[in-house]
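Accompanying notes for the structure given below.
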2 protein chains.
Amino acid sequence: MSAVPLHQRIRDEIEGLVRSGAWAPGYRVPFESELMAQYGCSRMTVNKAMSALAEAGLIVRRRRAGSFVARPKVHSTVLDIPDIQAEITARGETYAFRLLAAERRPADPDDGDEIELAGEGELIVLRGLHIAGGRPFALEDRLISLSVVPEAATADFAAEPPGAWLLHHVPWTEAESRISAVGAEAFVAELLALDPGAALLAVERRTWRAGEPVTRVRQLFPGEAYDLVARFGPAR
Amino acid sequence: MSAVPLHQRIRDEIEGLVRSGAWAPGYRVPFESELMAQYGCSRMTVNKAMSALAEAGLIVRRRRAGSFVARPKVHSTVLDIPDIQAEITARGETYAFRLLAAERRPADPDDGDEIELAGEGELIVLRGLHIAGGRPFALEDRLISLSVVPEAATADFAAEPPGAWLLHHVPWTEAESRISAVGAEAFVAELLALDPGAALLAVERRTWRAGEPVTRVRQLFPGEAYDLVARFGPAR
DNA sequence: CGGTTCAATATGTATAGACATATTCGCGAG
DNA sequence: CTCGCGAATATGTCTATACATATTGAACCG
């Protein structure tokens with residue numbers, strides 16, 4: 001009853017192994033000859049699957065060396081506000097992250113976001129301030145699921161901001177962003193050194209890895225300070 | 001000196017014909033057998049090119065019938081705020097567009113945006129208000145290049161808002177969006193029925209077709225009224 | 001010891017042929 | 001005239017084979 005063509009099945013299985021993290025970036029995917037043996041098919045069939053994965057950017061192929069799980073480009077998924085730190089230093093400004101609060105605890109049973117992330121397990125709950133050129137640049141509130149990302153328990157988010165840390169440690173995620181504009185509440189205005197009511201760009205992003213919720217972040221940017229740029233067109 | 005493989009060349013040439021609009025949506029692409037003859041190669045080579053185009057969503061293939069230039073899904077390019085009208089009616093609210101100003105003229109020689117769009121030719125310059133459920137929803141300022149889209153000269157933008165009209169008449173575009181938050185100026189606040197200084201979501205989008213600039217639009221949304229949602233992940 | 005050459009190897013491209021499958025068209029029966 | 005069925009057709013999948021090309025590692029030589 002397999003209406004699924006073989007090259008598709010090979011492709012899907014490898015894609016699953018990559019996206020789930022079972023094969024980390026840099027891992028050497030089996031050679032075409034090995035996959036031929038494993039699936040009992042011809043090289044062209046394996047090749048079709050692997051070429052498609054390479055075109056999709058999940059693997060990188062090198063003659064004579066083999067095929068490897070790609071290291072996702074930091075800028076991969078457009079608009080992701082990929083890495084505020086990288087963004088700022090690329091502009092030539094100094095960057096700092098001030099961790100305002102950090103705790104580890106189970107989900108608040110009244111908070112849907114927290115329950116979705118933590119399940120029965122625990123969360124990391126963070127608040128921090130991104131600082132560019134000495135001036136406040138963004139306020140960030142973040143939740144991280146410890147059941148999906150146990151390594152987060154021992155990460156030092158004062159040294160490496162959580163966004164950057166997650167990008168480096170949890171590749172191949174999917175994300176959904178909601179973007180809106182809000183006026184600054186009093187305590188936010190104070191933290192960002194703005195007048196109360198000033199226009200802020202609000203970004204809320206939720207991220208999954210192979211269907212498992214990884215993190216949820218809310219970021220507030222002074223409206224004038226940040227332009228979110230998204231470009232759509234031919235990938236190559 | 002063609003380091004370009006043949007299947008890639010076939011793919012690129014067809015992609016160019018589609019993206020430039022030379023082959024409109026619905027056009028029947030030559031059969032594999034015809035392309036075999038045209039390029040003097042085997043069917044597998046043609047097939048590789050066509051399969052890739054199909055996967056990229058540029059063409060649709062139907063057994064026995066042939067291959068056709070795809071009709072781009074309105075929602076294709078994420079985050080494009082594709083069609084405000086469609087968005088609003090999908091929510092079950094009534095939609096209206098009030099055209100506040102429309103003119104046709106050469107580019108202002110002091111305005112870079114206008115010159116880029118018009119070149120030596122003329123522009124359509126529009127201002128309009130999107131209205132949802134009887135209340136102002138967005139203010140839109142738009143430029144359209146008449147040299148790239150001559151049909152725009154005879155379009156009735158009071159009947160069909162310019163965003164929707166362009167989506168239906170100029171497929172296969174690329175776009176770049178800049179998103180920020182601003183406080184409402186007095187005249188904007190009045191048009192949108194808000195207090196001056198209220199937080200607005202500002203979207204500026206520029207669109208190209210095969211490298212030619214098509215349109216540039218600035219839209220202002222009441223921050224609380226609109227959530228821009230962008231989702232990133234497996235395309236299929 | 002350093003550098004060059006060369007052969008081994010994994011992927012890249014292309015071919016010809018075969019059979020499967022979905023869809024359409026036309027023909028013939030009712 | 002309509003319905004159903006079968007033949008024609010374009011794409012979908014897969015095989016076996018061949019040669020090209022980039023890269024690596026090791027043998028070889030100065």
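Every value quoted in this text rests on a predicted model; they were computed, and no experiment measured them. Chain letters run A, B, ... following the sequence lines, proteins first and then strands; every chain starts at 1.
- Within the structure, every pair that satisfies the ring pair (Phe, Tyr, Trp, His ring centres under 6.0 Å) test and touches residues 25-50 of chain A, not counting sequence neighbours, is listed here: A:W23-A:Y27.
- B:R64 pairs by the salt bridge (charged side-chain N to carboxylate O under 4.0 Å, His left out) definition with nothing, not counting sequence neighbours.
- By the salt bridge (charged side-chain N to carboxylate O under 4.0 Å, His left out) test, B:R142 is found to be paired with B:E140, residues two or more places apart in sequence or in another chain being considered.
- Closest-nucleotide positions on DNA chain C for A:R64 and A:N47 were compared, and the one nearer the 5' end corresponds to A:R64.
- Judged purely by distance below 3.5 Å, without hydrogens or angles, the side chains of B:S67 and B:R61 pair a donor atom with an acceptor atom.
- Partner of B:Y95 under the side-chain hydrogen bond (donor to acceptor under 3.5 Å, both in side chains) criterion, chosen from B:Q85, B:E87, B:H130: B:H130.
- Contacts of A:A155 classified as side chain to side chain contact (heavy atoms under 4.5 Å, CB included), with partners at least two apart in sequence or in another chain: A:F157, A:W165.
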List every contact pair, protein side and nucleotides 16-18 of chain C side both N or O, where the distance is under 3.5 Å.
none

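- Counting any heavy atom pair closer than 4.0 Å across all strands shown, B:S67 reaches sugar-phosphate atoms only and no base atom.
- Atom-to-atom, CZ of B:R9 to P of C:dT13 comes out at 15 Å; the value is rounded to the nearest Å.
- Here salt bridge (charged side-chain N to carboxylate O under 4.0 Å, His left out) pairs that include residues 164-173 of chain A, with residues two or more places apart or in two chains, number zero.
- Counting 5' to 3', DNA chain D first comes under 4.0 angstrom of a heavy atom of chain B and last does so at the ends given by D:dA8 to D:dC14.
- Residues of residues 30-38 of chain B that place a heavy atom closer than 4.0 Å to DNA chain D, in numerical order, are B:F31, B:E32.
- Remark: A:H7 engages no residue in a ring-ring contact (aromatic ring centres under 6.0 Å, His included) (not counting sequence neighbours).
- Each of A:R62 and A:H7 lies near DNA chain D, and the nucleotide nearest A:H7 is the one positioned closer to the 5' end.
- For the pair A:A65 and A:G40, nearest-nucleotide mapping onto DNA chain D gives the more 5' position to A:G40.
- A:R43 meets the salt bridge (charged side-chain N to carboxylate O under 4.0 Å, His left out) test with A:E32; sequence neighbours excluded.
- Legend: residues meeting salt bridge (charged side-chain N to carboxylate O under 4.0 Å, His left out) with B:E160, ordered by chain and number and at least two apart, are absent.
- Every side chain to side chain contact (heavy atoms under 4.5 Å, CB included) that B:A52 has, sequence neighbours left out, goes to B:R11.
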